[in-house]
Each structure stands twice: as structure tokens, then as C-alpha cells.
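Working notes, structure below.
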Amino acid sequence: MSIAQNVKSYLQAIAGGNCFGEPVTLVAATKTRTPEEINEAIAAGITDIGENKVQEFRDKFDLIKGGNRHFIGHLQTNKIKYLVGKTYLLQSLDRDELAEELSKRCVRANVTQDVLIEVNIGCEESKSGYPLEAAWAAYERIRRTNGLRVRGFMAMLPLAGDDAAKATLVDEMRALFDRARREDENIRFLSMGMSGDWELCLGHGANMIRLGTALFGERHAPAFA
Ligand SMILES: *Cc1c(COP(=O)(O)O)cnc(C)c1O
């Protein structure tokens, strides 16, 4: 199947929304993909794309035609300057130090950056993000931080574990999302779901998924550029 065919079939698969009937945003995870591949996906209907690495975000920025540009990877504070003013949604706000530095940059540039708070839902050493127990306090702090606007939460399910255990983790994230949404109209997105687990995530209340290999096939070995 071509990229265009994959895009069309996934857009069709999510057209009915999540388990609550809410519209679902499909973000194409574009790490290692060439601008040509990404443009093919956009031409086929992809509206949102997410990069993991600042280098790739920058190198491809002007070569990609359209699309809301998300950043979904771990961000070092010394690279914030390359993203401010260019990033539609920073999904990986994973620590206070990043929130503080990002705030300074945004205030200086007179922009408001939409962010998702990243939660390390599986308590995995290898992943970043706030522990679930700390996520509410982080949300309350960050929503009061100048230059930042919290739009929801992002998490990655652990690879290990059975579907029931994973479903419980999505349910816990959805409870956090609902709690915030009840008092904050800016809260819109629960970004959970990758190529291997997107159906499970949509079945438990995620409304944004990030697909890489499902759309583009196996990742290219060396990163683009
Ligand atoms: C690579 C990546 C994805 C997509 O992963 P696939 O398994 O290829 O669909 C989603 N989210 C993040 C943060 C990623 O780094």
C-alpha cells in the first residue's frame, strides 16, 4: 500500500470518532521521513504532523507543504528557540524546567504556545513525563504560567502488558483529562495511541493519535539529514 492509500484508510477508520463519538485528530509521526513522503501524506489528507527531533523539524520545515506542526519528542531547553513561534502544539511538555524556559522565550517573543502535558503513564525509566500522581499539580502550575496554554495531555503506553492493563492506563489518563476539562475550556486533546495501540486508545477516550509506521511503513534506518 502506498502512503496515500494508508492515509486514506486510517482517516476512514477514525472518521466515526472515539468511543464517546468525539472527533479524532490523526497526527502523522514523521521522524526519519523525507519531505516528499510527508508531502504525499498531506496531499492525501493529513492535517497534522509531528516531529521528534529539533534538527529534523528545522531541516524539513520549509520543504513541507502545509500541515499543523507538532513537536512530540524530548526537547532540550537550549533548542527551544528553534520551535517558538513555529510549533502548533508542543505535545511533550515533560518537566518544570522546560515549562519555565519555554515561558521565558514565549513571553519575550510575545506568543502563546499551546502545549500538552506529557505523563509517564507506565512509570518507565526510559520515558519522560510527569508521573501520573504529579500530573494534576503540574497542570495547575503550568496553566498559570505566562506564555503557555495547556490544551490537554499526552502519554505513551508501555509496550509490555496485556490489553486490560493498557486499557486501565488510558482510562486513568481520560479521568485526568476530564477533570481538567470540567473547569478549563482550553482542554481539548488527549493524545494517546501509536501504530500498535491506537484502537485500544480510541476505545478508552483518546481523541488524538500519532501514527508513524502505520502510515509510512518501517522507519528509515538513518534519520533524514
Ligand atoms: C515515533 C512516535 C510515534 C509513532 O510511532 P509508530 O509506532 O511508528 O506509530 C508516536 N509518538 C511518538 C512520541 C513517537 O516518537
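As the structure lists them, so they are numbered: ligands from 1, and atoms in each ligand from 1.
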Residue and atom name of the nearest protein heavy atom (relative to atom 11 (N) of ligand 1), distance in Å to one decimal:
Arg210 NE, 2.9 Å
Supply the atom-to-atom distance Ser9 OG to Ile14 CD1, rounded to the nearest 0.5 angstrom.
10.5 Å
Among protein heavy atoms, which lies nearest atom 1 (C) of ligand 1, and at what distance?
Lys31 NZ, 1.2 Å
At under 4.0 Å between heavy atoms, what of Ser195 touches ligand 1? The answer is both
Enter the distance from Asp184:CG to Arg143:CZ here, rounded to the nearest 0.5 Å.
4.5 Å
Contacts of Phe71 that satisfy ring-ring contact (aromatic ring centres under 6.0 Å, His included) - sequence neighbours left out
none
Mind checking whether Gln91 contacts ligand 1 via backbone (N, CA, C, O), side chain (CB onward), both or neither, at a 4.0 Å heavy-atom cut-off?
neither
Atoms of ligand 1 close to Met156 [distance to a heavy atom under 4.0 angstrom, numbered from 1]:
13 (C)
Can you confirm whether the side chains of Thr145 and Ser103 place a donor and an acceptor under 3.5 Å from each other?
no
For Leu211, atoms of ligand 1 separated by under 4.0 Å from a heavy atom
9 (O)
Side-chain donor/acceptor of Ser191 to backbone N/O of Met154, under 3.5 Å
no
Which of the atoms in ligand 1, numbered in the order shown and given with their element, are less than 4.0 Å from a heavy-atom of Ala29?
3 (C), 4 (C)
Closest non-hydrogen atom pair, Ala99 against Ile142
CB-CG1, 4.2 Å
Salt-bridge present (Arg174, Asp171; N to O < 4.0 Å):
no
Residue Thr213 vicinity, atoms of ligand 1 by number, heavy atom under 4.0 Å:
6 (P), 7 (O), 8 (O), 9 (O)
Would you check whether Ile72 has a nitrogen or oxygen atom less than 3.5 angstrom from a nitrogen or oxygen atom of ligand 1?
no
Closest to atom 10 (C) of ligand 1 by heavy-atom distance, out of Glu218, Met194, Glu51, is Met194
